[in-house]
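All remarks here apply to the structure that follows.
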Amino acid sequence: QPQFVESGGGLVLPGGSLRLSCTVSGLIFRVYALGWYRQAPGKQRELVAAISADAQTRYADSVKGRFSISEDNAKTAVYLQMNDLKPEDTAVYYCNYGITLSTMSPPRGIWGQGTQVTVST
């Protein structure tokens, strides 16, 4: 089973930025799509951004223009650059994988521990 280790979360002021990292093991990047998900208190987990094996991307409407997903050249990590953060972005962020960009929900892997992002004054 693929394993995901998320990091980079923290407390940030509204309008600030964070870059999340997810180290992936046991998965062939060039075959699968990778995604970032988040779960806010009292809400269902949702897909935020995803990147396919050929580097196509998709974003939730709520983060378009503010978040950017990327992967490293060695294809062992995926990143989420988050700019202009808003209080409603507060959540635990996770990464996971799917077969294609259109089949990311539900994802196919086991959830990691995630990384907490808190946007607050």
Side-chain angles (χ1 to χ4, degrees):
Q1 276 282 3
Q3 292 187 331
F4 308 96
V5 179
E6 302 92 349
S7 63
L11 174 63
V12 63
L13 293 171
S17 298
L18 281 175
R19 185 177 190 238
L20 305 184
S21 300
C22 174
T23 300
V24 184
S25 59
L27 188 70
I28 303 173
F29 272 48
R30 62 180 176 272
V31 175
Y32 299 105
L34 290 162
W36 280 98
Y37 301 76
R38 68 185 180 188
Q39 186 167 23
K43 295 188 176 182
Q44 289 188 334
R45 197 158 357 203
E46 62 173 348
L47 178 65
V48 174
I51 185 166
S52 69
D54 61 351
Q56 301 297 307
T57 58
R58 63 176 283 199
Y59 296 93
D61 288 343
S62 58
V63 307
K64 280 181 182 176
R66 300 188 298 121
F67 289 13
S68 178
I69 188 171
S70 63
E71 58 190 19
D72 72 342
N73 291 334
K75 296 189 179 296
T76 58
V78 61
Y79 308 101
L80 187 67
Q81 177 66 42
M82 306 187 296
N83 299 325
D84 189 24
L85 282 160
K86 305 175 186 300
E88 51 265 39
D89 295 318
T90 295
V92 180
Y93 285 71
Y94 305 85
C95 58
N96 213 311
Y97 80 105
I99 302 299
T100 66
L101 284 184
S102 61
T103 59
M104 297 298 294
S105 297
R108 298 180 65 87
I110 297 172
W111 296 107
Q113 292 192 334
T115 186
Q116 175 71 48
V117 172
T118 303
V119 185
S120 175
T121 56

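Heavy atoms only: backbone and side chains are in, while hydrogens, waters and symmetry mates are out.
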Where is the tightest heavy-atom contact between [X] and [Y], given as atom of each residue plus distance?
X	Y	value
A33	S52	CB-CA, 3.9 Å
Q39	K43	NE2-O, 3.1 Å
P2	Y97	CG-CE2, 3.7 Å
L18	V12	CD1-CG1, 4.1 Å
A91	R38	CB-CB, 3.8 Å

Take atom CZ in R66; do more than 12 heavy atoms of anything else shown fall under 6.0 Å from it? yes

Does CD belonging to Q116 count more than 12 external heavy atoms closer than 6.0 Å? yes

Excluding V92, membership of its hydrophobic cluster (Ile, Leu, Val, Met, Phe, Trp, Tyr; side-chain heavy atoms within less than 4.5 Å) reads Y37, L47, Y94, M104, W111

Under a single-linkage rule joining Ile, Leu, Val, Met, Phe, Trp and Tyr whose side-chain heavy atoms are separated by less than 4.5 Å, which residues share a cluster with V5? none

Residue list, side chain to side chain contact (heavy atoms under 4.5 Å, CB included) with [X], at least two apart or on another chain:
X	answer
D61	K64
P106	none
S120	L11, T118

[X] side, atom [atom1]; [Y] side, atom [atom2] - distance, nearest 0.5 Å:
X	Y	atom1	atom2	result
S105	E46	OG	CD	9.5 Å
L101	I51	CG	CD1	8.5 Å
L20	I69	CG	CD1	10.5 Å
S21	D72	OG	CG	9.5 Å

Would L34 and N96 satisfy side-chain contact (heavy atoms from CB on, under 4.5 Å), going step by step from the backbone distance to the final call? CA-CA 6 Å; L34 290 162; N96 213 311; over 6 Å; no

Residues 81-121 vs disulfide bond (SG atoms under 2.5 Å apart), sequence neighbours excluded, gives C22-C95

In short, disulfide bond (SG atoms under 2.5 Å apart) pairs touching residues 42-80 with sequence neighbours left out are none

Output side-chain donor-acceptor pairs under 3.5 Å for residues 78-86, partner residues at least two apart or in another chain, one line each.
{"residue": "Q81", "atom": "NE2", "partner": "N83", "partner atom": "OD1", "Å": "2.9"}
{"residue": "N83", "atom": "OD1", "partner": "S17", "partner atom": "OG", "Å": "2.9"}

Tell me, please, which residues at least two apart from R19 pass salt bridge (charged side-chain N to carboxylate O under 4.0 Å, His left out). none

Answer yes if F4 and I99 sit in the same cluster of Ile, Leu, Val, Met, Phe, Trp and Tyr residues linked by side chain heavy atoms under 4.5 Å apart, and no otherwise. yes

Contacts of Q113 that satisfy side chain to side chain donor-acceptor pair (under 3.5 Å) - sequence neighbours left out: none

Applying side chain to side chain donor-acceptor pair (under 3.5 Å), can you list everything that pairs with T103, at least two apart in sequence or on another chain? T100

Any ring-ring contact (aromatic ring centres under 6.0 Å, His included) pairs touching residues 53-77, not counting sequence neighbours? none

